[in-house]
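To keep things clear, I will list the structure first and then write my remarks on it.
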Amino acid sequence: MNELLTSIVPSPVRIQRAGDGFPLDQATPLDAPADLTEVAIWLRGSLGPATGCPLPPGSGGIRLRVDPGLPDEGYALGIRPTGVDIHGGSAAGVFYGAQTLRQLLPPATLRRGRLAGGRWTLPGGRIEDAPRFGWRGVMLDVARHFMPVADVLRLIDLLAFHKLNVLHLHLTDDQGWRLEVPGRPRLTSVGAWRPATMVGSRQHERYDARPHGGFYSDDDLREIVAFAAARHITVVPEVDMPGHMQAAIAAYPELGNGFAGPVRSSWGISTHVLNLGPEALDFCLAVLDHLCDLFPGELIGIGGDECPAEEWRDSPIAQARIRSEGLVGPERLQAWFTARLAEHLAARGRRLFGWDEILAGGAPPGAVIAAWRGVGPAAHAARAGHAVVSCPDTSVYLDYRQSDDPAEPTPVGTLLTLADVHAFDPVPPGLTPEQAGRILGGQANLWTEHMESARRVDYQAFPRLCAFAETVWGPAERDFAAFSTRLATHLTRLDALGVNYRPLSGPRPWDARPDAPGHPRTVKDRLAELREMTADLDQAPA
Ligand code: TNX
């Protein structure tokens, strides 16, 4: 079989080789109905520069069609000497068929400029394909390190190339606030900037002496949303509340419990959280309103992770709220708050999306849970009736180290090799079929404490994200050896796309960060820590 036909990543469900191929040249026409105009524009834009083929409108070449008989995001791609048919169950399905088509051409055609003129032959055959899960996500933390718009758009292209369809944008954290909110100018004039940045894991207490910051204008975010939508990716925004809020409190101290200080420079969890009085609640609802205006998707992220309750014990404003709402103690305050956010979003026809900490005290009905603290919370959330996005740190945290090579940059977390990621299953063991049906899919998370640039994000993300794509697109049964063979060819595609992936042979000398030491953990220690961290879920309603 043609090598390209058998090296597609993520692997298609069914591939048949048949007869001669189709020659693609300057005259090849593209036939697309009006409802597939956007796919056609994208395909011309991605194939044109390197092939020199403008794909003018017309019949007898590549034909795009929606066929409602196919699975929603599925496609059938047929290549014969007389033409190429890409049929999809929806525009998204046609788009994925076209992405597969790109992988069937030599990698040089993925470049942004032409190496040589000529003709390319698409191998003859038929591919039938459809994803296993509807949520094939990546979370990008743009709070710890700001990522310029152009780099975000480039990452979106790389996600789409791997048939991923959700970009969860972590827009705020203790270390930076990255979006504008009407009437709150200090969020960006103050909250988007920190005086210095920690270098390496927090145990080493090292800092650079350089300010860092940046934020997205409303138009920046609209551009990101539209660019992603044209690639069938939904952007799910997250503003993390009521903890991980030090940047906002630095800008507006009245939202906090007496903290008056700068945006946080160190990693870890700030104890400076929202006071949850009337002004802080109004602030949060206004932020959600703005997110609803900018992001058309159903889900709006409210974070909810790692919120220490200690400041609430002595805070008059938090205590007044606890009394007026008749809450049993500071620990109940977060659940009360999350319920108010859920009501507000529901009134706008949206749904709340939060980290699994919001399960403590019972998450609002209809909330979608991003289950990250090992595999326990995904099962807990599914049993409690919630829709779940599986993203256990022990399988899909791409900030965690890829090997124990001493040159691995800032090694943190547990060892998470390419094979470990490839073995991930979004559905945790022990669920009934009904509960398993609540697992929407999986998500790989890119926390950027130790990724200061797009170059470093590439290094941490690839090639593990190629393996991740197989876990959410492909079938439950997977063969790592077969994947590795396909990956060898696929890496030549990443080369053509200019991705700074980690070489399979290990880090290059210049990848090392001796100036930014890490803090590697063993799986055993991490599992013990996770058991302790999630012990409160045993009391939570399931
Ligand atoms: C935990 S995962 C966090 C993040 C850190 C990450 C580092 C989650 C909801 N919270 O704030 O960046 O660990 O791996």
Side-chain angles (χ1 to χ4, degrees), residues 135 137-149 151-153 155-156 159 164 166-181 187-188 191-192 194 197 212-216 220-221 224-225 228 233-248 263-264 267-270 273-274 284 287-288 290-291 294-295 297 299-307 338 341 352-358 368-373 389-393 396-400 412-413 442-454 456-457 460-461 465 468:
W135 187 299
V138 168
M139 186 222 64
L140 179 66
D141 168 12
V142 292
R144 271 55 177 273
H145 279 104
F146 177 67
M147 191 187 258
V149 174
D151 292 330
V152 176
L153 302 186
L155 182 65
I156 288 171
L159 303 190
L164 302 175
V166 176
L167 175 64
H168 166 184
L169 265 191
H170 182 76
L171 285 165
T172 68
D173 213 303
D174 296 317
Q175 296 84 2
W177 184 281
R178 308 280 175 236
L179 76 158
E180 298 180 299
V181 175
L187 288 173
T188 46
R194 60 178 181 253
T197 296
H212 175 85
F215 64 90
Y216 303 109
D220 287 340
L221 292 172
I224 289 170
V225 167
I233 291 177
T234 302
V235 182
V236 177
E238 177 199 339
V239 167
D240 204 344
M241 43 181 115
H244 283 289
M245 264 284 173
Q246 186 173 319
V263 174
R264 188 174 167 98
W267 311 131
I269 307 168
S270 172
V273 304
L274 296 178
C284 293
V287 170
L288 294 184
H290 193 53
L291 291 179
L294 290 173
F295 296 89
L299 295 183
I300 300 288
I302 60 91
D305 59 315
E306 301 175 326
C307 180
T338 307
L341 302 182
L352 181 143
F353 175 58
W355 298 110
D356 62 51
E357 281 90 337
I358 69 171
V368 177
I369 306 297
W372 74 275
R373 292 177 296 172
V389 175
S390 271
C391 49
D393 68 315
V396 289
Y397 267 35
L398 302 184
D399 53 333
Y400 287 13
V412 298
Q443 181 170 289
N445 291 343
L446 284 162
W447 296 105
T448 58
E449 286 95 333
H450 311 296
M451 297 177 219
E452 70 293 344
S453 63
R456 181 73 61 196
V457 170
Q460 292 298 125
L465 205 54
F468 173 77

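Positions are given from 1 along the sequence.
- For T172, the side chain to side chain donor-acceptor pair (under 3.5 Å) test picks out no residue, with sequence neighbours left out.
- Partners of F146 under the ring pair (Phe, Tyr, Trp, His ring centres under 6.0 Å) rule, at least two apart in sequence or in another chain, are Y216.
- A donor-acceptor pair under 3.5 Å is absent between the side-chain atoms of D220 and the main chain of V149, judged by distance alone.
- Annotation: side chain to side chain donor-acceptor pair (under 3.5 Å) contacts of T338 (sequence neighbours excluded): none.
- Without hydrogens or angle criteria, R194 side chain to G213 main chain gives no donor-acceptor distance under 3.5 Å.
- Among residues two or more places apart in sequence or in another chain, the salt bridge (Lys or Arg N to Asp or Glu O under 4.0 Å) test is passed with R144 by D141, D173, E449.
- Partners of E452 according to the side chain to side chain contact (heavy atoms under 4.5 Å, CB included) rule, which considers only residues two or more places apart in sequence or in another chain, are H145, R456, R513.
- Contact detail for A454 and D151: the closest heavy-atom pair is CB-CG, 3.6 Å.
- A donor-acceptor pair under 3.5 Å links the side-chain atoms of D174 to the main chain of S270, judged by distance alone.
- V263 and Q246 make their closest contact through C-NE2, 4.0 Å (heavy atoms, listed as atom of the first residue, atom of the second, distance).
- With rounding to the nearest 0.5 angstrom, the OG1 atom of T234 is 13.0 Å from the NE2 atom of H168.
- L153 has its side chain within reach of I224: a pair of non-hydrogen atoms, C-beta onward, lies under 4.5 Å apart.
- Nearest heavy atom pair, residue I156 against residue I233, reads O-CD1, 3.6 Å.
- Across every non-hydrogen atom of L446 and A461, the tightest pair is CD2-CB, 4.1 Å.
- Among residues two or more places apart in sequence or in another chain, the salt bridge (Lys or Arg N to Asp or Glu O under 4.0 Å) test is passed with D393 by R526.
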Evaluate side chain to side chain contact (heavy atoms under 4.5 Å, CB included) for L169 paired with R178, printing each intermediate quantity in order. CA-CA 10 Å; L169 265 191; R178 308 280 175 236; over 6 Å; no
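- Summarising the geometry of A228 relative to V235, their closest heavy-atom pair is CB-CG2, 3.6 Å, with the distance given to 0.1 Å.
- For D240, there are no side chain to side chain donor-acceptor pair (under 3.5 Å) partners at least two apart in sequence or on another chain.
- With values rounded to the nearest 0.5 angstrom, H212 atom NE2 is found 6.0 Å from T197 atom OG1.
- Considering only heavy atoms from C-beta on, F295 comes within 4.5 Å of L221 through its side chain.
- Residues satisfying the side chain to side chain donor-acceptor pair (under 3.5 Å) test with D305, not counting sequence neighbours, are H244.
- Under the ring pair (Phe, Tyr, Trp, His ring centres under 6.0 Å) criterion, H290 pairs with no residue at all, not counting sequence neighbours.
- In this structure, the side chain of Q460 engages the main chain of L398 through a donor-acceptor pair within 3.5 Å.
- Residues P237 and L294 fail the side-chain proximity criterion, which asks for heavy atoms closer than 4.5 Å.
- For N445, the side chain to side chain contact (heavy atoms under 4.5 Å, CB included) partners two or more places apart in sequence, or in a different chain, are M139, W355, C391, Y397, Q443, W447.
- Here the closest heavy-atom approach between residue P242 and residue V273 is recorded as O-CB, 3.5 Å.
- Applying the side chain to side chain contact (heavy atoms under 4.5 Å, CB included) criterion to T188, with sequence neighbours excluded, gives E180, F215.
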Under the criterion side chain to side chain contact (heavy atoms under 4.5 Å, CB included), I'd like the reasoning laid out for L291 against L288: C-alpha separation, chi angles, the key distance, then a yes or no. CA-CA 5 Å; L291 291 179; L288 294 184; 4.3 Å; yes
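- Qualifying side chain to side chain contact (heavy atoms under 4.5 Å, CB included) partners for V368, counting only residues two or more places apart in sequence or in other chains: L299, R351, F353, A387, V389, L440.
- For the side-chain contact (heavy atoms from CB on, under 4.5 Å) with V287, the lone residue among L171, V239, I302 that qualifies is V239.
- The CG atom of L465 lies 7.5 Å from the CG atom of L155; values are rounded to the nearest 0.5 Å.
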